[in-house]
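Heads up: the structure comes next, in structure tokens.
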There are 2 protein chains.
Amino acid sequence: MKLGQATIKDIARELNLSASTISRALKDYHGISDETKRKVKEMAEKLNYRPNAIALSLRQSRSFTIGVIIPEVVHFFFSTVISGIEEIANSRGYNVILAQSNEKLAREISTIETMLSNQIDGVLVSYSKETKTFDHFTKLLDHGFPIVFFDRAPAIPGAINVMVDDYQGSFDATAHLISQGYKNIVHLAGPKTLKISIDREKGYKDALLKNGLDVNPAYIISCPLGTLEESKDLVSELLISLPDRPDAFFSCNDIGAVGAMMACRDAGLKIPLEVGIVGFSDWQFCSMLQPQLSSVAQPGFLMGARATEILIDIIEKKLDPKTMEQSLILETKLMERGSSKRF
Amino acid sequence: MKLGQATIKDIARELNLSASTISRALKDYHGISDETKRKVKEMAEKLNYRPNAIALSLRQSRSFTIGVIIPEVVHFFFSTVISGIEEIANSRGYNVILAQSNEKLAREISTIETMLSNQIDGVLVSYSKETKTFDHFTKLLDHGFPIVFFDRAPAIPGAINVMVDDYQGSFDATAHLISQGYKNIVHLAGPKTLKISIDREKGYKDALLKNGLDVNPAYIISCPLGTLEESKDLVSELLISLPDRPDAFFSCNDIGAVGAMMACRDAGLKIPLEVGIVGFSDWQFCSMLQPQLSSVAQPGFLMGARATEILIDIIEKKLDPKTMEQSLILETKLMERGSSKRF
DNA sequence: TAATGTTTTGAAATCGATTGCGTACATAGA
DNA sequence: TCTATGTACGCAATCGATTTCAAAACATTA
């Protein structure tokens, strides 16, 4: 061992005892004399003994490690989720192995393989945008391997999901815009491969209908990339092309909302007077913009924490994925700010 | 095994061969007939065999896992660093175990312990603000355990560090403000416990002196918290209290710069006409502000990537920490944007 | 003193994969 | 026919800790 790490055998040799005795003494098993226990512990301390978790993992087929697969780390929301995961995992004695899929299916699959090789006890997954089939997950679920999905919930019957209430958040945001007197509300929608995109679009539509407004398909704009430039360009064009100029934009993410904001400003439109804008996620920067961007806040830390608690409960058989609630839906909170408040 | 995972023994049993033969066949060792190799690989495929990395780790005292200890994940800069780490580690066949110290020394220490128990091959560390003694690191370094520090470099002789050139970045930013004709440049400084704060302040001072301006202690404002409110309040007060009104602010971080921006706007000052502002880190939101915030870009991804390359090279003995360059200093890049460009 | 019970400890197997060494067999050369 | 060389494979030890099964060592009782 690189560190000259002491093992149980070293302690045994020093004290002229057997390895089994050392093991038992360290764990305060019955049938070991107090005198021996004392000596063993003393020697362990002296040799700076640290149990080899790898050996334990091998023996028990348990690694006290959970895997986290996330599309990308550099994303405010995901980083808060990771923080929540790390916090709970740590407090319950688990390690966190992290891997990002970079939104690539191939990498998602290879990552899972590697993690399984490393005998992780369970995995938390937010799948990639490329992922359209879920065999690599169902195969594991069928064998009873603990998986909890967060944020992005796959179409797998029986899978455990922790999500935010995208529908309601979206509904609230749209209803808020309506209440502020905006009428031609455009929705900048995300990729249809993600359930969250679909839910957010549905919340938008329902809010319109519920308030007696029509759903105009021309007002639902697909933003597959999710970049600032994309939404900026699309909105700029929209402001010219549409017969009835849009007077509000509800974007499925904050970046898109900023793009819309820029496009409107470039077009000489006053925010929030002439155009209202609401984003989704409530990234840090929302309150730094001028005007401040209204947005739907997602409880990222809480999501990570709750997902981890559930996963570990399943691992430790405190929960049974077969009988438990399959989805945990966390509430969002609309942060009404300057970009959408006329009154 | 939970997954009914096939082992080498299972393959051996199926084919009436010994475990050693299976192992060798799978690795294409000489001395195994092609026929046998074929059959073994076929059966491995059929049984969905996956080598048990834990068993390997135990045998080789190598886990192909590196630890990452970071003050906090929810931090744009650190998340880009993590991304770089993950990218390189992955490509070189290593797993990444992540833990955040939450800026607590105690947690930093216990985290290291856990990671060592898990036989990590090396660790990447950005130490906490609380950390003032480094015994827990030197102890390991003395035993030849691979550690690479990033961003925050400890006062440990012989330690390998990967940092950005805070001094130069700061110097450039200040020089830029001067070149734009600003004369009364205030520096919003960070906590003195971090070397990066000191370096940034020094860069600011030297840039002033080099350009024939005086260093006025009243123009160096300590912002220990690093929050938006803190800097906003301090700047608001400053704009009134100082005899010569400041006409530029160079903040040691972006958040502080935004606070300054807000305070100036509240005071009715035009940016960049009457006041110039430059931040440090170049967070995503800088280019979303109005006007866009000039900032010193730190190569986070690159820092993570380079630190990981060095660490793995040390682990794999391709580099010797005793003889190699001890510090890798990465260049910053000043992003000149609307908040500081008058001409 | 022998039998029995209690306390304390050890030998060996186990987890999964690797590897040094040994063996069985075939073929070639002398 | 006997030795030398090579091919193809198995045995057993190893990594570190745990745990089952037993065996000692000792005390207690009849």
Side-chain angles (χ1 to χ4, degrees), chain A residues 1-41 43-44 47-65 113-114 116-121, chain B residues 1-41 43-44 47-65 93 114 116-121:
Chain A
M1 258 268 69
K2 206 170 292 162
L3 293 175
Q5 256 311 342
T7 71
I8 269 194
K9 288 182 193 170
D10 295 320
I11 304 180
R13 196 174 335 103
E14 290 292 321
L15 297 176
N16 253 316
L17 288 169
S18 74
S20 16
T21 302
I22 308 301
S23 172
R24 281 184 277 238
L26 288 173
K27 308 212 127 193
D28 272 330
Y29 272 38
H30 61 278
I32 300 291
S33 70
D34 290 348
E35 171 64 6
T36 305
K37 283 184 189 170
R38 195 188 51 70
K39 279 198 291 187
V40 167
K41 287 177 182 169
M43 185 56 69
L47 297 181
N48 193 22
Y49 169 76
R50 218 189 322 262
N52 184 325
I54 293 286
L56 256 166
S57 296
L58 181 59
R59 182 108 222 285
Q60 310 181 337
S61 299
R62 284 277 276 107
S63 61
F64 282 97
T65 298
E113 285 293 317
T114 313
L116 287 175
S117 260
N118 280 278
Q119 312 297 108
I120 52 166
D121 295 337
Chain B
M1 257 271 66
K2 206 171 291 162
L3 295 175
Q5 256 313 338
T7 72
I8 269 194
K9 288 182 192 168
D10 296 321
I11 304 180
R13 194 173 338 98
E14 290 292 322
L15 297 175
N16 253 316
L17 289 169
S18 74
S20 17
T21 302
I22 308 301
S23 172
R24 282 185 273 240
L26 288 173
K27 306 211 130 195
D28 273 331
Y29 272 38
H30 61 281
I32 301 292
S33 71
D34 291 346
E35 172 64 7
T36 305
K37 284 182 188 170
R38 196 188 52 70
K39 279 198 292 191
V40 168
K41 287 177 183 171
M43 184 58 68
L47 298 182
N48 193 24
Y49 169 75
R50 219 188 323 261
N52 184 326
I54 293 286
L56 258 165
S57 297
L58 181 58
R59 182 110 222 283
Q60 310 180 339
S61 297
R62 287 273 280 106
S63 62
F64 282 96
T65 298
T114 312
L116 287 175
S117 261
N118 281 277
Q119 311 296 106
I120 52 166
D121 296 336

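Convention: sequence-line order gives letters A, B, ...; per-chain numbering from 1.
- At the heavy-atom level, A:N16 lies under 4.0 Å from the strands shown only through sugar-phosphate atoms.
- By the side-chain hydrogen bond (donor to acceptor under 3.5 Å, both in side chains) test, A:S18 is found to be paired with A:S20, A:T21, residues two or more places apart in sequence or in another chain being considered.
- Taking the C1' atoms of five terminal pairs at each end of the helix from C:dT1-D:dA30 to C:dA30-D:dT1, the two resulting helix axes are inclined by 80°, rounded to 10°.
- Across the protein-nucleic acid pair, A:R59 atom CZ and D:dT18 atom C1' stand 4 Å apart, rounded to whole Å.
- Taking B:R38 as the reference, B:E35, B:E42 meet the salt bridge (charged side-chain N to carboxylate O under 4.0 Å, His left out) condition, with sequence neighbours excluded.
- Taking each heavy atom of A:D10 and A:Q5 in turn, the nearest pair found is OD2-O, 3.9 Å.
- The side chain of B:T21 places an N or O atom within less than 4.0 Å of a non-bridging phosphate oxygen (OP1 or OP2) of D:dG10.
- Taking 4.5 Å as the limit, some side-chain heavy atom of B:N118 sits within range of a side-chain heavy atom of B:T114.
- Using a 4.5 Å cut-off on side-chain heavy atoms (C-beta onward), B:Y49 and B:L26 make contact.
- Each of B:S18 and A:A55 was matched to the nucleotide of DNA chain D holding its nearest heavy atom; the match closer to the 5' end belongs to B:S18.
- A:Y29 has a side-chain polar atom (N or O) that falls below the 4.0 Å cut-off from OP1 or OP2 of D:dT19.
- Distances shorter than 4.0 Å separate some side-chain N or O of B:S23 from OP1 or OP2 on C:dT18.
- For the pair B:I8 CD1 and D:dT14 P, the computed distance is 19 Å after rounding to whole Å.
- A:L116 places its CG atom 15 Å from the P atom of C:dG16, with the value rounded to the nearest Å.
- The shortest non-hydrogen separation linking B:S57 to B:S63 is OG-CA, 3.3 Å.
- Proximity of A:T36 to the phosphate of C:dT9: a side-chain N or O atom is located under 4.0 Å from OP1 or OP2.
- Atom-to-atom, CZ of A:R62 to C1' of C:dT14 comes out at 18 Å; the value is rounded to the nearest Å.
- For A:K27, whose side chain is taken as the heavy atoms from C-beta onward, the closest listed nucleotide among C:dT18, D:dA17, D:dT18 is D:dT18.
- For D:dC9, the OP1/OP2 oxygens have a side-chain nitrogen or oxygen of B:S33 closer than 4.0 Å.
- Shown here are the side-chain hydrogen bond (donor to acceptor under 3.5 Å, both in side chains) partners of B:S117, two or more places apart in sequence or in another chain: there are none.
- Distances shorter than 4.0 Å separate some side-chain N or O of B:K9 from OP1 or OP2 on C:dC15.
- Between A:T36 and A:L17 there is a side-chain heavy-atom pair separated by less than 4.5 Å.
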Give me the distances for all protein-to-nucleotides 20-22 of chain D N/O pairs that come in under 3.5 Å?
{"residue": "D:dT20", "atom": "O4", "partner": "A:R24", "partner atom": "NH1", "Å": "3.2"}

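- Atom-to-atom, CG of A:L58 to P of D:dT14 comes out at 17 Å; the value is rounded to the nearest Å.
- Phosphate contact (OP1/OP2 of D:dG16, side-chain N/O of A:T7, threshold under 4.0 Å): absent.
- For A:L47 against A:A6, the heavy-atom pair with the smallest separation is O-CB, 3.5 Å.
- Looking at residues two or more places apart in sequence or on another chain, you find a side-chain hydrogen bond (donor to acceptor under 3.5 Å, both in side chains) between B:K41 and B:D28.
- Residue A:L17 is classed as a sugar-phosphate contact, given heavy-atom separations below 4.0 Å to backbone atoms only.
- For B:Q60 and C:dG16, the CD to C1' distance is 12 Å, given to the nearest whole Å.
- The distance from atom NE2 of B:H30 to atom C1' of C:dT19 is 11 Å, rounded to the nearest whole Å.
- If you take CD1 of A:I22 and C1' of C:dT8, they are 13 Å apart, rounded to a whole angstrom.
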